[in-house]
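Computed from a predicted model, the values in this text were never measured in an experiment.
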Amino acid sequence: MKIKIADEELCDNILESESLAHGIVNLNSKFAPDADEKKRYQCADIVKHIIEFDSSIQWSVDSILDGVNKAENIGYSSAELSELKELTILYINALKDIQERTTRECSELAEKALLSHGIKLDVESDFHVDGYQFKATPVTDKINYIVSDLFSYSDIANINMSLADVTVTGDKKIRKTQLPTRLIMNLWVNNEERCNG
């Protein structure tokens with residue numbers, strides 16, 4: 001996988017310092033998407049957030065389909081009932097397709113950002129941060145995306161996730177209570193750009 005690497009001096013100037021503190025690993029991504037790529041990732045995050053967090057879309061369509069099935073199961077039938085069921089199923093499938101596509105785009109961003117540090121998702125990887133060296137596995141199903149600033153007060157876009165199977169490998173020791181449990185990968189400083197379709 002080919003990725004573009006950002007100028008490290010520039011990254012250090014605009015993002016937080018890389019660190020390991022209070023069980024949190026804070027890294028700055030070296031992956032530098034161009035403006036169009038960045039907007040694509042931000043829009044994917046916005047759509048994903050709207051569907052999964054900022055609405056009751058899934059609950060509503062599931063409720064409609066459940067009501068139709070209950071009616072049919074006790075013997076009710078009509079053209080309108082059939083049309084409602086067909087429309088709801090089409091909507092559910094379309095929504096699922098949108099979710100899958102945006103999830104793929106967000107996952108692509110996570111893979112590229114982590115790979116810029118030689119880290120892979122769901123694979124034991126080597127970490128070198130703030131003088132500490134350790135191995136850990138970033139967990140895919142524990143990823144939280146804060147890529148767009150539309151639903152977040154943070155100026156810094158980031159991807160954060162749980163770390164599993166942490167093993168210290170370097171000479172600089174980490175107290176057991178301070179072993180890293182979470183990774184924050186800072187991406188870029190957000191601006192006022194918005195998804196324009």
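Residue Ile98 holds its CD1 atom at 11.5 Å from OG1 of Thr103, rounded to the nearest 0.5 Å. Annotation: the span from Met161 atom CE to Lys142 atom NZ amounts to 13.5 Å, rounded to 0.5 Å. In this structure, Asn158 CG and Asn144 CG are separated by 7.5 Å, a value rounded to the nearest 0.5 Å. Rounding to the nearest 0.5 Å places CZ of Arg40 at 10.0 Å from SG of Cys106. We find the OG-OH distance between Ser60 and Tyr91 to be 8.5 Å, quoted to the nearest 0.5 Å. Taken from NE2 in His22 to CD in Gln178, the straight-line distance is 7.0 Å, to the nearest 0.5 Å.
At a threshold of 4.5 Å between side-chain heavy atoms, the hydrophobic network of Ile, Leu, Val, Met, Phe, Trp and Tyr places Leu87 and Val61 in two separate groups. Ile146 and Leu121 fall into different hydrophobic clusters, defined by Ile, Leu, Val, Met, Phe, Trp and Tyr side-chain heavy atoms under 4.5 Å apart, directly or through other members.
Looking at heavy atoms from C-beta onward, Met185 lies in side-chain contact with Leu114 at the 4.5 angstrom threshold. Residues Val166 and Phe127 have side chains not in contact (no heavy-atom distance under 4.5 Å, counting atoms from C-beta outward). His128 is not listed as a side-chain neighbour of Glu18, based on a closest heavy-atom distance of 4.5 Å or more. Here the side chains of Leu179 and Val168 are in contact, with some heavy-atom distance below 4.5 Å. For the pair Thr137/Val123, no side-chain contact is recorded, criterion being any heavy-atom separation below 4.5 Å from C-beta on. Within the 4.5 Å cutoff, the side chain of Leu187 has no heavy atoms near those of the Ile156 side chain. Side chains of Val25 and Ile184 form no contact here, defined as non-hydrogen atoms less than 4.5 Å apart. Side-chain atoms of Thr167 and Phe134, non-hydrogen and from C-beta on, never get closer than 4.5 Å to each other.
Thr177 places no side-chain N or O within 3.5 Å of a backbone atom of Arg175 that could act as its donor or acceptor partner. Between the side chain of Asn190 and the backbone N or O of Val147, at least one donor-acceptor pair lies under 3.5 Å. A donor-acceptor pair is defined here as one N or O able to donate and one able to accept, closer than 3.5 Å; no such pair exists between the side chain of Ser63 and the backbone of Trp59. With hydrogens and angles disregarded, a donor-acceptor distance shorter than 3.5 Å links the side chain of Ser29 to the backbone of Phe31. Remark: side-chain polar atoms of Asp130 are not paired, donor with acceptor, to backbone N or O of Tyr132 under 3.5 angstrom. In terms of modelled atom types and a separation under 3.5 Å, the side chain of Asp97 and the main chain of Asn93 share no donor-acceptor contact.
Pairing each heavy atom of Trp188 with each of Pro33, the nearest pair is CZ3-CG, 3.6 Å. The two atoms that bring Tyr41 and Lys112 nearest to each other are OH-NZ, 3.7 Å, heavy atoms only. When all heavy atoms of Ala44 and Glu105 are compared, the closest pair comes out as CB-OE1, 3.3 Å. Closest of all the heavy-atom pairs between Ile159 and Ala110 is CD1-CA, 3.6 Å. Contact between Leu163 and Pro180 at its shortest, heavy atoms only, is CD1-CB, 4.1 Å.
Environment of CG in Asn73: crowded, with over 12 heavy atoms of neighbouring residues, nucleotides or ligands closer than 6.0 Å. In the displayed structure, Lys96 atom NZ is contacted under 6.0 Å by at most 12 heavy atoms of other residues, nucleotides or ligands.
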- Decide side-chain contact (heavy atoms from CB on, under 4.5 Å) for Ile51 and Leu95; before the verdict, give the C-alpha distance in whole Å, the side-chain angles of both, and the deciding distance to 0.1 Å. CA-CA 8 Å; Ile51 293 173; Leu95 194 64; 3.8 Å; yes

- Message: side-chain contact (heavy atoms from CB on, under 4.5 Å) for Ile24 and Leu20? Distances and angles first, verdict last.
- Response: CA-CA 6 Å; Ile24 298 174; Leu20 168 55; over 6 Å; no

- Message: With side chain to side chain donor-acceptor pair (under 3.5 Å) as the criterion, how do Gln42 and Asp149 come out once you've worked through the C-alpha distance, each side chain's angles and the decisive distance to 0.1 Å?
- Response: CA-CA 8 Å; Gln42 288 172 321; Asp149 60 352; 5.6 Å; no

- Stepwise, does the side-chain contact (heavy atoms from CB on, under 4.5 Å) test hold for Lys30 with His117? CA-CA 7 Å; Lys30 300 175 185 177; His117 277 272; 3.8 Å; yes

- Before giving the answer on side chain to side chain donor-acceptor pair (under 3.5 Å), spell out for Asp122 and Thr140 the whole-Å C-alpha distance, their side-chain angles and the decisive distance to 0.1 Å. CA-CA 6 Å; Asp122 298 316; Thr140 296; 2.2 Å; yes

- Hey, mind stepping through Glu100 and Arg104 against side-chain contact (heavy atoms from CB on, under 4.5 Å) and telling me if it holds? CA-CA 6 Å; Glu100 289 176 349; Arg104 280 197 301 271; 4.0 Å; yes

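For residues 61-86, the salt bridge (Lys or Arg N to Asp or Glu O under 4.0 Å) pairs, not counting sequence neighbours, are Asp66-Lys70, Glu72-Lys85.
Through direct or indirect side-chain contacts shorter than 4.5 Å among Ile, Leu, Val, Met, Phe, Trp and Tyr, Leu81 is connected to Ile64, Val68, Ile74, Tyr76, Leu84.
Using a 3.5 Å distance cut-off with no hydrogens or angles, the side chains of Asn186 and Asn28 do pair a donor with an acceptor.
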